[in-house]
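Single-structure report; data block below.
Letters go in sequence order (proteins before strands), and every chain restarts at 1.
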Amino acid sequence: MFALVDCNNFYVSCERRFNPKLKGRPVVVLSNNDGCAVSRSNEAKALGIEMAAPIFKFKDIVKKHGVVCLSSNYALYGDISRRIMSLFERWTPDVEVYSIDEAFLRFNGKRSESGLEQIAKEIRSTVLQWTGIPVSVGMGITKTLAKAGSKLAKKSESGVMVLAPDKENASHLESLKVEDVWGIGRQYARWLNNHGIHTAIDFRNADEQFIRQKMTVVGHRTLLELRGIECITMELNPPNKKTLCHARSFGRLLESKDEVRESLALYTELAAAKLRGECLVAQSVCVFLETNPFRTQDPQYRPSKTVEFPVPTNITPEILKYALAAFDLIFRPGYKYKKAGILLLELVPEDQAQAELFDNVNRDQANRLMTAMDGINKKHGRETLGFSAGRIRDGWQPKFENRTANYTTSWNGLLVVSS
DNA sequence: TCTGGGGTCCTAGGACCC
DNA sequence: TCTGGGGTCCTAGGACCC
């Protein structure tokens with residue numbers, strides 16, 4: 001039996017945990033650069049603010065109803081997430097952290113429906129009491145059914161939904177729209193609707209070959225999982241990443257080469273630090289720039305350039321050298337740039353990297369320097385010590401106009417309680 | 001005025017190998 | 001006139017997830 005535990009309106013719930021005045025009010029948390037609504041309280045959903053919608057489109061509603069718009073605070077959400085995830089081992093050792101606000105749990109052995117429901121309720125009440133975050137719990141004999149259960153749980157009074165192992169569950173699956181099935185996105189949902197498939201039960205009963213032809217083996221698996229045939233297994237040891245990306249929109253449109261170059265240098269530094277944090281090295285790097293596609297009156301340019309490293313590396317100055325060389329090749333004046341980014345590609349574990357006979361970089365020395373830098377930045381904040389290429393000017397940073405404090409990860413952010 | 005960021009997987013088709 | 005069979009690797013594009 002699988003359970004899927006999903007935090008309700010996670011980012012908003014984290015903010016409310018530290019600011020009780022937000023309870024009962026419409027609240028949204030915005031994406032980077034204060035662009036889109038990525039988490040909404042139930043009150044904000046009720047006002048019609050859509051998921052991932054640019055918030056300026058709702059400025060009238062925001063004003064009229066006093067919607068609280070907060071910048072995202074990933075240091076806070078990441079820390080709360082870790083605390084929640086660490087609780088699940090109380091119920092089972094088989095835990096897969098699926099995203100910042102979701103985890104799969106697996107329960108072996110036979111249990112009755114009421115026994116399962118008891119566990120689900122216990123998980124819910126414990127997480128709420130110990131962390132202050134409300135969660136929904138869905139259960140089923142496959143991951144896809146557990147996911148379906150959690151969708152249905154959100155609408156239920158108890159916040160839990162068990163799709164019993166020995167039952168058809170047809171009535172439950174009938175009330176789930178096909179686009180709410182895990183693995184079915186907008187494109188497939190539209191196509192399925194056109195073929196008369198509207199609910200999870202329609203999809204479950206559809207012809208396997210017909211589905212496979214259009215939706216490939218992936219869609220076929222989803223169908224079988226809804227029928228209770230396990231095709232998607234638990235990932236108890238998360239596989240290493242294959243790519244790593246750091247990209248940001250700018251706080252304003254940039255035209256000067258120096259400014260775009262500086263942003264890219266900083267993103268490169270941060271990406272390299274992430275890479276070292278995961279004990280990986282990259283074999284190549286891709287640099288890309290973007291103009292603003294929504295400004296159709298402006299000329300558009302979206303170049304990218306990939307270069308191979310002579311030796312797999314995670315050393316910042318070495319990566320910077322190649323990334324900035326790639327940048328110099330693709331940058332063209334005369335455009336208004338909105339975004340820049342770097343992808344580190346073909347990642348492999350540090351200790352499995354292929355060495356190069358004619359390597360002329362002193363890697364021991366460079367690695368010691370990186371370890372020292374990472375240590376200092378870990379202790380005093382991630383931008384304490386860095387390379388000058390990314391830190392000369394300041395005017396291009398993304399907007400975070402209404403960001404709350406790092407209540408749980410920084411002494412300066414500690415909540416002050418006054419009488 | 002204002003539109004996020006980070007990932008994965010699958011397939012088809014072409015190049016190339018023996 | 002008749003023109004094999006089996007395989008790998010790479011890339012672009014499209015779908016999905018949060």
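Between A/R204 and A/E168, at least one side-chain N (NZ, or NE/NH1/NH2) sits under 4.0 Å from a carboxylate O, which counts as a salt bridge.
Proximity of A/K339 to the phosphate of B/dT3: no side-chain N or O atom is located under 4.0 Å from OP1 or OP2. Under 4.0 angstrom from either OP1 or OP2 of B/dG6 there lies at least one side-chain N or O belonging to A/R248. Contact annotation: A/K57 does not reach the phosphate of B/dT1 (side-chain N/O to OP1 or OP2, under 4.0 Å). Between A/K242 and the phosphate of B/dC9, there is a side-chain N or O to OP1/OP2 separation shorter than 4.0 Å. Listed pair A/R221 / B/dC10 meets the phosphate criterion, a side-chain N or O lying under 4.0 Å from OP1 or OP2.
Counting to the nearest Å, the P atom of B/dC2 and the CG atom of A/L253 are 6 Å from each other. One can place OH of A/Y188 at 6 Å from P of C/dC16, the figure rounded to the nearest angstrom.
No engagement by A/I100 is indicated, since no non-hydrogen atom pair under 4.0 Å with the nucleic acid exists. At a threshold of 4.0 angstrom between heavy atoms, the contacts of A/T243 are confined to the sugar-phosphate backbone, with no base atom among them. Among the atoms of the strands shown, none is found under 4.0 Å from any heavy atom of A/K214.
The nearest heavy atom of DNA chain B to A/N32 and to A/R295 marks one nucleotide each, and the one closer to the 5' end goes with A/R295. Residues A/L244 and A/R212 each lie close to DNA chain B; by heavy-atom proximity, the contact nearer the 5' end of the strand is made by A/L244.
Of the candidates A/Q300, A/R252, A/R295, A/K336 forms a side-chain contact (heavy atoms from CB on, under 4.5 Å) with just one, namely A/R295. Each of A/T409, A/N402, A/T404 was checked for a side chain to side chain donor-acceptor pair (under 3.5 Å) with A/N73, and the lone residue meeting it is A/T404.
Closest to the side chain of A/S249, out of B/dG7, B/dG4, B/dC2, is B/dG4.
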task: Before giving the answer on side chain to side chain donor-acceptor pair (under 3.5 Å), spell out for A/N314 and A/E350 the whole-Å C-alpha distance, their side-chain angles and the decisive distance to 0.1 Å.
output: CA-CA 8 Å; A/N314 58 17; A/E350 241 166 4; 2.9 Å; yes
Dot-bracket pairing map - DNA chain B, Watson-Crick plus G-U, both contacts under 3.5 Å, | cross-strand: ....||||||||||||||
